[in-house]
Structure formats: C-alpha cells, structure tokens
Protein chains: 2
Amino acid sequence: MIRMSSSFIRTLRDDPADAEVASHKLLVRAGYIRRSAAGVYTWLPLGLKVLRKVEQIVREEQDRIGGQEVLFSALQPRAPYEATGRWEEYGANLFRLQDRRHDDYLLAPTHEEMFTLAVKDLYSSYKDLPAMLYQIQTKYRDEARPRGGLLRVREFVMKDAYSFDVSDEGLDRSYELQRAAYQRTFERLGLPTVICKADAGAMGGSRSEEFLHPTPIGEDTFVVSDGGYAANVEAVTTVAPEPLDADAMAALPPAREVTTPGTGTIAQLVDHLNAHEVREDGREWTAADTLKALIYMLHHPDGSTQPLLVMIPGDRQADEKRLEVALAPSIAVPFAEEDFEKHPALVKGFTGPVGLGEDTDSGVKVLIDPRAADGTRWVVGSRKVDTHSIDVVPGRDFTPDGYIEAAEVRDGDPAPDGSGPLRLTRGMEMGHIFQLGRKYAEALDLKVLDENGKQAVVTMGSYGIGVTRAVAAIAELTCDDKGLAWPRSVAPADIHVLATGKDAAVFEEAERIAGELEAQGLTVLYDDRPKVSPGVKFKDSELLGIPTTVVIGRGLAEGVLEIRDRASGEVTEVSPADVVERVLAEVRAG
Amino acid sequence: MIRMSSSFIRTLRDDPADAEVASHKLLVRAGYIRRSAAGVYTWLPLGLKVLRKVEQIVREEQDRIGGQEVLFSALQPRAPYEATGRWEEYGANLFRLQDRRHDDYLLAPTHEEMFTLAVKDLYSSYKDLPAMLYQIQTKYRDEARPRGGLLRVREFVMKDAYSFDVSDEGLDRSYELQRAAYQRTFERLGLPTVICKADAGAMGGSRSEEFLHPTPIGEDTFVVSDGGYAANVEAVTTVAPEPLDADAMAALPPAREVTTPGTGTIAQLVDHLNAHEVREDGREWTAADTLKALIYMLHHPDGSTQPLLVMIPGDRQADEKRLEVALAPSIAVPFAEEDFEKHPALVKGFTGPVGLGEDTDSGVKVLIDPRAADGTRWVVGSRKVDTHSIDVVPGRDFTPDGYIEAAEVRDGDPAPDGSGPLRLTRGMEMGHIFQLGRKYAEALDLKVLDENGKQAVVTMGSYGIGVTRAVAAIAELTCDDKGLAWPRSVAPADIHVLATGKDAAVFEEAERIAGELEAQGLTVLYDDRPKVSPGVKFKDSELLGIPTTVVIGRGLAEGVLEIRDRASGEVTEVSPADVVERVLAEVRAG
C-alpha cells in the first residue's frame, strides 16, 4: 500500500515553464517525473511504476514469440561501431567519450553491433538459428532538440530486438513474428498505431515499417488511404502517368521558346502565360503546367561534388526530407550565388532540363518528378534570362538521369496501390521493425555453416520500441484537462482510496477497505493525509489518474461510499459491505 | 521453460584467457556473461536472470523498511557535482563527457547530489521527514584496474539508498533500519558478511560501516577479534600505553647520543646496538625499540606543501593506505633526493624527531605512532650522519605535532575495544552504510522548516550495495571445481531437467515432468538437445549450477529417475510417479 502521507509524491498546481505538451505538464505536476538536464529525466516513484509496467508488457510479448532477454552495457568501445561505419554516420547524435587511457567509447544509441558479435561468439551453425534476442535497456542519443518531456529525450529506455536467420524466408518469418508481437504490445498498452511503410534510411536493409501512433503532437507526418494504405511521407511513391512511346511523342506539338520577361517565380510565369500565350484548348495556364527547377550542389560520400537539377511540378513545394532520403547517402546543398557563376549552364530563375544531364557536356545531373513521365508536356525554363519553353516533352526533348521523390505529398494525392486518395496525418513513432539484411553480419563477419557445410552470412532484423516514449504517449492519449487517466494495464496502482474529512471512523473504514483490496492482490494508493481538504484530495486524485477511486467520506455515516471511474467520470454509490466486491468486479472487467 | 536446444546458452570447455578468479572463469564458461570491453560486461540470458533475482531481493528488503524506489539518469550535468566538489575529487575515476553543445556531463558513480536535489524539490517541512529513497541503477566508475570479471568493473548495477532526517537521532534510526535491512539482504543472498567499522573517507560524515564478505580473493583487508570487534584496516586504532606525567618522565634516564656508523637501516642499527650498547636490564635490542623515520612532502588541497616526518616503530612496515586515509585530503609524496638537499634538517637514514615540529623553526611537521606515547623510550636518529640517540622520550625530549595511524596492523595486535587479539582477514566489500551528515545538504542548500518554523539543514545517510558484485561473490562462494552451484534464492532456474540418450520415451517423459514442474510454479531449464551425449549433458549441468537436477535416462525403462543435488552431489533415485512431489518438497525445503 502506498500511503500518501509518507510517500515521495507531491503535486504541483502550476505547469512547468518549459512544458508544451499535456503529458509533459501533467507528468511533472503529478510528481511522476522531474527534469535533471535537457532531455534527461528522473523517474519518481509513481512514474517508475508506470515505466516498469510498460516494460513488462513489452517483455511478455517478446517472450511469447521466443525472444530471449539479454542485457548489453550502455558504454561500448569504438571498434565495433567503427567496423560498421556508425561511429561516423551517427554524427552529433552520438555521445562519445574517452576513458582514463584515452580510448574511445560511446554511449550506445542501439546495439546492432554488439548483438551481431554476441551471436558470432556463441553460434556457428544453421542449426542454432533462427534466434531472436532482445534487451530492455537504457539508451543514449544526443538529440539536437529534446522536447515534449519524455517524447524526445537523450537518455531513454528502449526495447531493441534482433533476429538472426540463415535465409531470406527465415528473416521474413522472424519479421512477421515481431510485427504481430508489436500489434499485441500496442494493443495491451492501449496505444492505437498505424503500420506505415517506412524508408529504411541510414540503417540500410529492405522491408521497413513504423508503428505510428496518430496524434496531433506527433513529429512524423504519414499518409493513409481509406483502402488501407499507410506510409511514412518519405516512403510514399508518386503515381506516374503511363509514358507515351516515341511515335506518340513525335506527334505532340513541338517545344517552342517564348519570351517571358520578369518571370523569375512560378506565379509570375503563370500570369505572363495567361496574358500572352493562348492554349490550344483554351484552358488557363496553371502552376501545374510548369516544372520548377531546384538547383543543388550534390556532395557524395567520397567527397566529390556535382551540380544537381531537380524538376518538380510548379504547383508543389519541395519536401526537404523526401529529397534527403531520396539522395542519401549523398547530401544536397542549395546552390549559392558563386555556384551559379561557376556553372553558367544553370540560369537562376530560368533553368530547365533541356541540354543538361549526365550524358551531356554540362556535368549537371537531372532528376525529375515521376509525374513528368515520357510524353507529358511542360513549361520549363530555357536556360536564358527571361525565356521559357512551352510543350517540352521528357523523353523527346530531353532525357532525365532518373526520377526523384522530392515533391511534397498532399491530401488527396492518389495512394500508390490504388486504394484511394491519401490523407495526411500527424503521428508519433512508437516502434520500428525492419529487415537489416546482411549489412551488419557482413561488416562484422557473422557467418554460420549452412546445410551444405558452407559458410553463409547471417541475415538480420532489427525491432525497436521506445518504452520511455510509450509512457508519454499513453499519458498524452488518455489525459484530460483535469489530469492523467491511466489505462489499467499500466496504472501505477489499481485503486486510489480517499479518506476525506476529519472523522476517525472514515479513516478506519478507509484503512480496512484499502487493506482488503491489497489482500485481494490489488495495489492501492491510499490518501491518508490527515489535514488535507477533500477538495485537494479530489483534485490530486484526478491529477494522479488512477483508474478507479473509492471515496470514503461524510456519506459513511449513512452507509454510502463512492466509486469513481477516472476515465468516464462516472460515480457509483455503494455500501461499505459491497465495496470490495464491486471494485474487484470493475478491475476484472478491465 | 528454457529449452536448451533453442536457448542462447553455450558452454565453453576452456577458461577465458583473462580470467584469474573462479567466478569469472565459470560465469564466462557457463555462458552467463561476456566481456565487451575492459571492465564492461554483457549479461547473457542465464546471467541476467541471476542479476534480476539479486536485484529483487535487494528491492524487497529496501521496500520492507519503507524505502521508496526512484530512478535517476546515469547521464548527469556537471553543476550539482561541482557544487559538492565531487566533479574534481573523483579524479580519473569519473567518466566525463561533453554533449553537442560542449556542456559538461558525467556518468554518475553515485547520486548523492541528485537525491538531495530531488528532496529539496519535493519536500519543505520536518513533517515530510524521515524519508528513505533508493534506486537500483547502472553506475559508472573508470577503474584504473578492472579485475576479476564482475568483481571490479566500470559499468555495474548498484542499489544506492539515501535517508533524510531532521535530527541526528533520526539519522541514527534510519541508519539502524538500513543496517538491519543489509543483514537480511545478505542472509537471503547466502553471503556471509562481517560488519566492519570503516573510514568514511572522501565522502565525509561520521558513522560508517562496511559489509565485508570474507573471501581469500577479497581486495580489502580487515581485522576481527574473538570478542566481536571488526574493522577495516584503515579504521583500526592502535592501543597506546598510558602516558607518564612530567615527573615520571624526568626520572627516566636521559637521552644520549651514540655513534652508529653505517646504520642506515633498522636492521643495521639493531645489530650495532647489540654489539656496542649494553642495556641496563641486559635485554637484547630489537627493532621494536626503535622508531623509524618516514619522510614525505605533504601536498595540501590549497596547493601548499610542507615536509612531514612520520615516526613508526622500527619493527613495523608503513601501511600506505592507512597513511593516506589518515592524511586525507592532503597527499603525502615520499621525499626525493632534491627535497633532502633543500631541507638539511632531515638527514637521510638518520632522521629523528628531536628539534623538529611545527613550533620549531624547522617547518617540518612531526606525526608519530600512538605507541610512542609520552614517557615511552626509543632509539631514534639524531639528524647527524652515523649518529642515533638512545632513551629519547616523547613528551620530554620532543613534542610531536600529533599521532598518526600509519603503521601496519598485524595478526595478534590487540583490538582497541579490549576484545582480544586481532586476526587479519581478506574480504570483499559488498555494502557500505554511512552517515553523510549535513555535508551534501549544506552544499546544495537542502533545508526544511523545523517544528519551530525555522530553516533546518537536513542530515543524510548513504547506503550502497553492489548488485553486480554480489552476483560474482555468490558464484565465487558457492562454486566448486565442476562449476557454478547457485543457492535457490538466486538460481536462474529452480530445476534442471536432463533427458539423456536417444530413447523417444525418455524425451516424452522429460517433457511431461518439466511441464508439470512449471505448472507447479517452478522455473525449469530443460536439456532437450537431441544429439548431445549424456556425459556432456552432465558436465554442462554441473557447470550451469542449477540447484536441483532431474535426470531421465536409461533407468526410465525400470521406472527409475534420479534427483541430483548440485551443492552436495547427493543422488536420490525416485519413480516417475513421485518425482514431481519429491522435487517440490526439496524446493520448498529451500
């Protein structure tokens, strides 16, 4: 029994100054957590109980699919992370340090390397596989902008699991096991999630899905269709029109240059065209008829650079994150004034693709939006000041070096699988499962003897759940303007017993009820504070958010107690003789 | 049920190359742990289960005395540790790092500061106290010489608890609660411990006791007497003779200088005296009649230095650790050749205390062994080459600046409490409880309103148990030449079921028994490996060290199974019908 009179619990009336989101405000005000540095938090008693309950649900679902729990150190030597390239790739997000001998160490953000080496150490045959290992462990990431209390922090608890298989089919099976385990886990946590196709990003690998929890405070944008498509915006592919063949393209009107003075922007260009160039079908010109030029210097991992021209429909903004993912591991930096001076083929405000491309002398790489398929007709810059070309046809008038997903995704865009129009939604990444494939096993030489006695490189999957973040997300989802409102599965106590007033009989009865509930196996938070007003106790009870509260107060003299449901606000009157049975029934109902 | 056929468990026949102690060898060979860097270990599945069981016992005993569990981050900002001076004091033992903004952080070795600040944050009145808070958390210490597997590591799990009281009496009560909790904890862990008076050292404070587990591989030396005295060697005080008064001293023979050529060592001096100086009572001279000079440059925390002469009985070695503790926070560095040149009052090989001391012009501080009480008679150097003085009497011929515990403690020395002769014993520190007093509360301004409405500085206690080390100590204590042999309280499984041979009936029966034992609430490690010989299974079973093994093998055809007790080696034959009941009885017997 947790007695509030002697517990390390204090509630605050005011929101912490640095808090933006509700879960952060309430977790601090209710005395669940405290900040100790930017993105670093202390777990106070009630908060720690929630954290452990979330961990235990995650653990049980990992155990259920045959996961075996291990525990790696947070402090790791540099060498294995050097071998896979992550020592560098992680950049400023990695906490690096040296020991007294000036050897390099890091605080691990994830443990792909160490799991790979552990399996290499213990296993040697295909008969040892498949294997599914996991840990629930403290991780470190030096986030540039910690935010939202527990939502984005620098020290956090994460479950990371890794699967090891000989064959691709085995990896698929392991992946499906985890996928199902994640669905059960988030269901038990009471966290709705959408499984989104994700870009595998820097981790490499093939199949990759994120479990996104839809919430307006989410940092990720994803898309869904009514037909069931869901994807991270970075992973959305554009539905392109069917390309025309060469004959059909030849039959289209030829490209023609027009003078377009002072049309450095798309809006100016469209206005000019509508004023001066009548279309054959009489339609107005729109931004969607144009391709706009985005000009970058592309920095390749080997240190070399190359001018890059990206053409996207003039009615769309560029999506920097989609562009970044599409170009990785190369990095695109927008052209500077002096870059234009060095590359006169690119004319600021009037650049188009014709005459450029890697197979021309220009040295400029040209990537275009998939909507600009062969045979489509566009207005583009002519690479001369105050000049554009109309009816430029990709595949006829120029050949791009490739297509790129760099344009923004919009509400109403068609889903790539034909399942209807897309809706843009905000979400928070709760889990991520992906097929690493053989990247880590190759880098660290993890091989086993296969059925034919030959060395085979092992294929791996990686599966993470942010445990700390899940606590915040559950708090955020379930809270209201009065406070936290935990689901039973993760509440720090099953029952909150309030003794109100000053009557000794009330406290005796509350003590009896709390004791009987504990004897029945429930955990009880008992507000036994002698000199605190009923109003404060009610407010604290709402703030603390235990699912069910039993109030023993003035009504006791008439044989009436109250059972209050935190989530619904429902109040039920009950007699002292019935209260334990009634509470047990509520808890069992879930 | 843990099935060995698919578990991440592999045993090794050979000891790891870097292992010195049995627990280290066996924990690695049995697949409980793996080294990931110097002093940094990975917990494999069986090891993690033991670690969690030890943690849980520690937790339950903390909860029993009203401890409230919290969890602080390992990553901590510099400021609070700066405020208490520990950022500097910890020296090279502290892992320090910077984040992306170049702010200083550390990986906390203990959390006095953070607990103090948390209480300051939540509490404000004497009514809130006493409070007992604890965490079971991963700590970091950059040990110069990690050793012994888990015995001395750089990342480890520790329980650290802190008590907060208004009064000294309250602190005494909190201290006694923890003392009793520690006794119960180590008893449940099966670890005999001796409670030793300890020097509070750099942590400050008054009462301080270590729970030392007597073991030949221990790094600490402590003393015990038959009468119940126990202390860390650093905390032992010397039994000094009663001092004589001035008249009695005046009546003693006067000091006299004698020429002692070539007697730079005590042995040479004693030989010379026995050859040339007959004593009044005819006894031989021994080293115990002399005081030997230890000469240091004392470095004070404020940066100043001072020559220091320490005189200890000539028959004893200096104990560097006792000396260090006695002089802290100043540090003594042995005199170098050039120091002698600068300080001619100190004559190498022939230095004595007469004419030195802080109230002389010499500037040399003189500290002597407590045995050299006023009125005792000694042979000492005369501060002239080849010359000593006989019958030099402290209190008459010179006045020391103080006494110092710098001489070694020996078997047979008297206990300071008169409880008999001391025995020197090797031990390993398993826990440490001490009264911090108000040092941290003052440094971090932790005050509460007292009963009179005045601000009172809180007094604190600090209580640590090395959880990781306890795992190693238990392994070390209980193992034998065949392998580990866990006590039931921390074993990774209750029962090891072995199916031996190739008979399908054997495996079916083993499966049934393992299933029934699990249904009874026991945890079972089941060796179901189909193609492993009985010999290997027996060897692995002994190495893994589960307390009770059930062997199902050839005897099954005749209705005979075996129950083996790992610790005693006892083998009991039993029928398949009785086996579950018999095993349950054994487990319940504990």
Side-chain angles (χ1 to χ4, degrees), chain A residues 2 6-10 31 34 36-38 40-45 47-49 51-52 66 68-77 79-80 91-93 95-101 103 105 107 114 117-119 121-124 128 130-131 133 135 137-138 140 142-144 153-155, chain B residues 2 6-10 31 34 36-45 47-49 51-52 66 68-77 79-80 92-93 95-101 103 105 107 114 117-119 121-124 128 130-131 133 135 137-138 140 142-144 153-155:
Chain A
I2 311 169
S6 57
S7 286
F8 198 56
I9 302 171
R10 287 294 178 274
R34 280 293 183 276
S36 73
V40 184
Y41 283 84
T42 301
W43 295 89
L44 297 178
L48 184 58
K49 285 182 199 299
L51 178 69
R52 295 289 183 239
Q68 301 186 59
E69 190 174 1
V70 296
L71 183 66
F72 286 89
S73 55
L75 187 69
Q76 290 291 350
N93 282 320
F95 280 109
R96 298 177 181 81
L97 69 161
Q98 291 194 326
D99 71 358
R100 63 198 295 153
R101 297 173 177 213
D103 287 334
Y105 285 80
L107 299 180
M114 305 315 296
L117 289 173
V119 170
D121 179 8
L122 268 68
Y123 283 173
S124 58
D128 299 327
L133 303 175
Q135 64 176 347
Q137 193 257 3
T138 304
Y140 296 85
D142 196 357
E143 296 283 354
V153 288
R154 303 199 293 170
E155 173 171 330
Chain B
I2 311 168
S6 57
S7 288
F8 197 57
I9 302 171
R10 287 294 179 274
R34 280 292 184 275
S36 73
V40 184
Y41 283 83
T42 302
W43 296 89
L44 297 178
L48 183 59
K49 285 181 199 299
L51 178 69
R52 294 290 184 238
Q68 301 186 59
E69 191 174 0
V70 296
L71 183 66
F72 286 88
S73 55
L75 187 69
Q76 290 291 349
N93 282 321
F95 281 109
R96 297 176 181 82
L97 70 161
Q98 293 194 327
D99 71 357
R100 62 198 296 153
R101 296 170 177 215
D103 288 332
Y105 285 80
L107 299 180
M114 305 314 297
L117 290 173
V119 170
D121 179 9
L122 268 67
Y123 282 172
S124 58
D128 298 327
L133 303 175
Q135 64 177 346
Q137 192 256 3
T138 304
Y140 296 85
D142 196 357
E143 297 283 354
V153 288
R154 303 198 294 170
E155 173 171 329

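Just so it is clear: chains get the letters A, B, ... in the order the sequence lines come, proteins before strands, and each one is counted from 1.
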Does any heavy atom of chain B fall under 4.5 Å from the side chain of [X], the backbone, both, or neither of them?
{"X": "Arg100(A)", "answer": "both"}
{"X": "Ala118(A)", "answer": "both"}
{"X": "Tyr41(A)", "answer": "backbone"}
{"X": "Glu143(A)", "answer": "backbone"}
{"X": "Glu155(A)", "answer": "side chain"}

* Please step through side-chain contact (heavy atoms from CB on, under 4.5 Å) for the pair Gln135(B) and Leu48(A), ending with a clear verdict. => CA-CA 10 Å; Gln135(B) 64 177 346; Leu48(A) 184 58; over 6 Å; no

* Asked: Who wins among Pro80(A), Ala144(A), Gly47(A) for the most heavy-atom pairs under 4.5 Å with chain B?
  ->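 Option with the top pair count is Ala144(A).
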
* Could you tell me which of Ile2(A), Leu97(A), Asp142(A) has the largest number of non-hydrogen atom pairs under 4.5 Å with chain B? =>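 The option with the most such pairs is Asp142(A).
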
* Asked: Is there a donor-acceptor pair under 3.5 Å between the side chain of Gln68(B) and the backbone N or O of Ile9(A)?
  ->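 No, the answer is negative, given that no donor and acceptor are paired below the 3.5 Å cut-off.
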
* Asked: Where does Arg96(B) contact chain A at under 4.5 Å (heavy atoms): side chain, backbone, both or neither?
  ->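 For Arg96(B), the backbone is the part near chain A, not the side chain.
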
* To do: Identify which part of Leu117(B) has an atom lying under 4.5 Å from any heavy atom of chain A, answering side chain, backbone, both or neither.
  =>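 When you check distances to chain A, no heavy atom of Leu117(B) falls under 4.5 Å.
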
* To do: Please round to the nearest 0.5 Å and tell me the distance separating atom OG1 of Thr138(B) and atom CG of Leu71(A).
  =>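 It comes to 7.0 Å.
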
